Novice: 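Below you'll find the structure I mean.
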Amino acid sequence: MPIHRFAAIDVGSFEMELGVYEFAPGAVMRRIDHVRQVIPLGRETYNTGLLSHASVEEMCRILKDFQGIMKSYKVEEYRAYATSALREAKNNRLVLDHIRVRTGIRVSIISNSEQRLLTYRAIAVRGEDFAQMIQDGAAVVEVGFGSTQISIFEEGALSSTQNILLGSLRVREMVAQIPAGSKEQGELIREIVDNDLVALRKIYLKDRIIGNVVGVGDAATRLSMLFGKAKAGARGTDKAPDKATVKGNPKRVLMDNGAIDPKEFAAFHDRTQQMSYAQLGELFEVAPDIAALLAPGMMIYRYMIDLTGAKRFWAPDVNLCEGIAAEYGAQKKYKSPNHDFGLDILMAARSTAKRYKSHTKHIQNMESHVMKLFDSTKSIHGLSGRDRLLMHIAAVLHDCGKFMSMRNPGGCAYDIIMATEIIGLSHREREIIANVVRYNQEPFDYEPVLAVRGYGGIGQTTGYGGAGAWLGSAQAGRGAGTGAAAPGYGGSGLRHDAGGGGLGAWNGGGVDDAAAGGDAGAGGDVILIAKLVAMLRLANALDKSHRQKLTDCTVKVKKDELVITTPYDGNIELEKYAVGLQADFFEEIFGVRPILRQKRGL
């Protein structure tokens with residue numbers, strides 16, 4: 001059985017990490033080495049907006065060390081991703097180019113939603129624990145150094161997610177600027193956390209049943225290690241020691257599935273609130289400056305447990321490197337994923353449509369129509385499975401703008417979609433969906449520059465922290481639709497695997513979404529948008545009355561016509577009229593003219 005070795009590199013806000021993994025077909029991935037180097041990049045970015053030359057040089061030194069480790073393990077492929085510290089740095093393109101020239105390693109900046117999807121993949125690798133928890137209702141609380149992501153899972157799928165600028169390093173930097181003693185700083189942290197999470201409680205947690213809080217991040221990892229040691233110390237005993245343990249250690253017991261009892265965690269957290277950072281560092285066996293970063297994380301976990309009334313607090317020891325490796329293994333089909341992340345994306349989109357009062361029956365009918373149109377016209381549209389998902393999401397969200405304005409629903413829907421984070425979609429994919437929905441209502445514009453507020457736009461190099469020079473780039477779009485963009489080769493001789501579902505990118509371009517289908521270069525995104533708009537408009541015309549008359553229609557391409565036949569024997573004159581209005585644009589895009597026919601019964 002062939003063994004493949006893969007390396008994952010995480011350029012984080014406070015640390016850089018390298019994970020080396022082994023894969024065998026059908027087997028669970030195995031981590032064979034993990035290296036962490038502290039480098040507080042976020043401190044500079046969050047305070048100045050820039051990364052200094054000294055920091056970049058230190059990054060290059062660490063990456064060269066990682067390079068040597070990868071060579072020693074004979075790693076075949078790698079992926080290197082950077083998160084918020086580089087994402088928010090104004091000079092991130094220069095930094096990435098400097099890294100490439102100095103080390104040969106191509107680092108890609110991933111969006112927040114892509115980063116979180118990787119984390120969920122890492123958790124899902126843990127198997128049945130994760131599957132059962134999200135079925136019972138779970139809040140996954142990922143406390144990073146720059147921000148906190150709170151995602152709500154209901155009935156086994158993701159229903160909503162919010163990102164809050166409430167990371168442990170960011171909070172510590174805020175608190176450090178306010179003169180206060182250690183006890184007063186603890187109170188300040190509580191006030192900051194409470195201030196940012198009160199809206200979340202009112203809007204997103206109301207009437208939700210959350211049985212589990214899943215903690216992710218450095219604080220969760222340290223808690224998992226500490227409580228795990230406590231559990232190991234309790235083996236062979238029938239009775240756990242009392243709460244007055246040495247140095248404030250937790251009770252030496254975990255719940256059956258490895259989760260931490262919320263009451264025990266609350267008691268432990270109360271005790272740690274009285275500790276100095278030196279004492280906290282001694283407890284967790286870390287330096288005081290790292291211990292200072294654990295306090296905000298524990299506070300956020302505690303707050304979420306109290307808000308939700310969760311019965312279990314699970315702190316799996318996972319990191320971004322594991323998620324990168326899990327994504328790689330799934331794409332290479334070394335092992336089938338045990339959770340449908342595509343369904344999560346759709347569920348999150350449906351939750352958004354519901355929040356903005358979209359007509360549920362019409363949306364469901366639209367989903368059916370666009371999938372029929374997409375699947376029946378494969379021979380003429382040349383799009384990928386990923387494009388099918390984008391089409392599906394556009395259908396779900398196409399009406400959400402009416403919540404804000406009946407007069408300008410397209411523009412309002414565009415703003416809603418661009419402001420709504422959907423885990424698993426890159427920034428580029430979200431912009432494609434937003435433009436498809438926008439041009440469902442507005443006259444289509446072939447001009448390649450479709451400006452996005454503050455982000456650049458389709459057809460031009462975007463200003464969004466490396467989200468991509470999608471058009472006019474010789475490097476973009478290679479391997480479109482295959483999930484494997486053309487590889488880059490660094491000085492190490494290792495292959496930089498750039499493919500895969502919107503993750504993995506060329507240096508300086510951020511996320512290369514060639515895998516999303518279509519030719520991402522030379523105006524390809526505009527063509528993709530045009531094709532999806534044509535299908536969305538036609539699907540909308542098929543339910544123009546919002547009465548779902550054509551539910552059982554069939555769609556077939558016959559020579560130069562797209563024949564839509566319905567057995568409905570009632571009045572469909574409004575639908576025929578609406579299809580006729582969209583016929584010219586559809587024919588312009590695909591070269592076939594849609595015709596709606598009524599199959600009369602005998």
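Since we're looking at a predicted model, the values are computed, not measured. Side chains included, hydrogens not; waters and symmetry mates left out as well; all remaining heavy atoms used.
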Novice: Any side-chain heavy atom of I345 within less than 4.5 Å of one from I393?
Specialist: yes
Novice: Can you sort out the partners of Q548 under side-chain hydrogen bond (donor to acceptor under 3.5 Å, both in side chains), two or more places apart, ordered by chain and number?
Specialist: D543
Novice: Run the salt bridge (charged side-chain N to carboxylate O under 4.0 Å, His left out) test against R208 and tell me which residues pass, sequence neighbours left out.
Specialist: E154
Novice: Taking the side chain as C-beta and beyond, is there a heavy-atom pair between S368 and T551 under 4.5 Å?
Specialist: no
Novice: One thing to verify: whether R430 and E421 come together as a salt bridge, which I'm taking to mean a side-chain N less than 4.0 angstrom from a carboxylate O.
Specialist: no
Novice: Check whether any side-chain heavy atom of L118 sits under 4.5 Å from a side-chain heavy atom of Y81, and report yes or no.
Specialist: yes
Novice: Among residues at least two apart in sequence or on other chains, which ones pass side-chain contact (heavy atoms from CB on, under 4.5 Å) with S358?
Specialist: A353, I363, D399, C400
Novice: Measure from NZ or CZ of R222 to the centre of the six-membered ring of F284 and say whether it is under 6.0 Å with the direction within 45° of the ring axis.
Specialist: no
Novice: State which residues pass side-chain contact (heavy atoms from CB on, under 4.5 Å) with R31; sequence neighbours excluded, sorted by chain then number.
Specialist: Y21, H34, N319, E322
Novice: Just grab all the salt bridge (Lys or Arg N to Asp or Glu O under 4.0 Å) pairs involving residues 296-310, residues at least two apart or on different chains.
Specialist: D270-R302, R302-D306
Novice: Could you pull out all residues at least two apart from R30 that satisfy side-chain hydrogen bond (donor to acceptor under 3.5 Å, both in side chains)?
Specialist: E22
Novice: Side chains of Y328 and M29, heavy atoms from C-beta outward: is any pair under 4.5 Å?
Specialist: no
Novice: Are R350 and E367 ion-paired here, with the side-chain N under 4.0 Å from a carboxylate O?
Specialist: yes
Novice: Checking side chain to side chain contact (heavy atoms under 4.5 Å, CB included) for the pair E88/Y46: CA distance, chi angles, key distance, verdict?
Specialist: CA-CA 8 Å; E88 297 182 27; Y46 306 147; 3.9 Å; yes
Novice: Report yes if the distance between the aromatic ring centroids of Y301 and F265 is under 6.0 Å, otherwise no.
Specialist: no
Novice: So how far is it from I210 CD1 to I305 CD1, rounded to the nearest 0.5 Å?
Specialist: 13.0 Å
Novice: I need the full list of ring pair (Phe, Tyr, Trp, His ring centres under 6.0 Å) pairs touching residues 135-167, with sequence neighbours left out, sorted by first then second residue.
Specialist: F14-F145, Y120-F153, F130-F153
Novice: For H392, check ring pair (Phe, Tyr, Trp, His ring centres under 6.0 Å) against everything at least two apart and list the hits.
Specialist: none
Novice: Could you list the residues that satisfy ring pair (Phe, Tyr, Trp, His ring centres under 6.0 Å) with Y356, not counting sequence neighbours?
Specialist: F403
Novice: Using the side-chain contact (heavy atoms from CB on, under 4.5 Å) criterion, which residues pair with A310? Sequence neighbours excluded.
Specialist: V213, T308
Novice: How long is the span from the CG atom in D317 to the CG atom in L223, to the nearest 0.5 Å?
Specialist: 11.0 Å
Novice: With a 4.0 Å cut-off on N to O distance, would you call E114 and R428 a salt bridge?
Specialist: no
Novice: Using ring pair (Phe, Tyr, Trp, His ring centres under 6.0 Å) as the criterion, list what pairs up with H359, not counting sequence neighbours.
Specialist: H546
Novice: Can a side-chain donor-acceptor contact be found between N47 and R43 if the only test is distance below 3.5 angstrom?
Specialist: no
Novice: Which residues pass the side-chain hydrogen bond (donor to acceptor under 3.5 Å, both in side chains) test with T161, not counting sequence neighbours?
Specialist: Q149, S151
Novice: Decide whether S147 and N163 meet the rule of one side-chain donor and one side-chain acceptor closer than 3.5 Å.
Specialist: yes
Novice: For H398 and H362, I'd like to know if the aromatic rings sit close, meaning centre-to-centre distance below 6.0 Å.
Specialist: yes
Novice: Side chains of R386 and E429: does their closest heavy-atom pair fall under 4.5 Å?
Specialist: yes
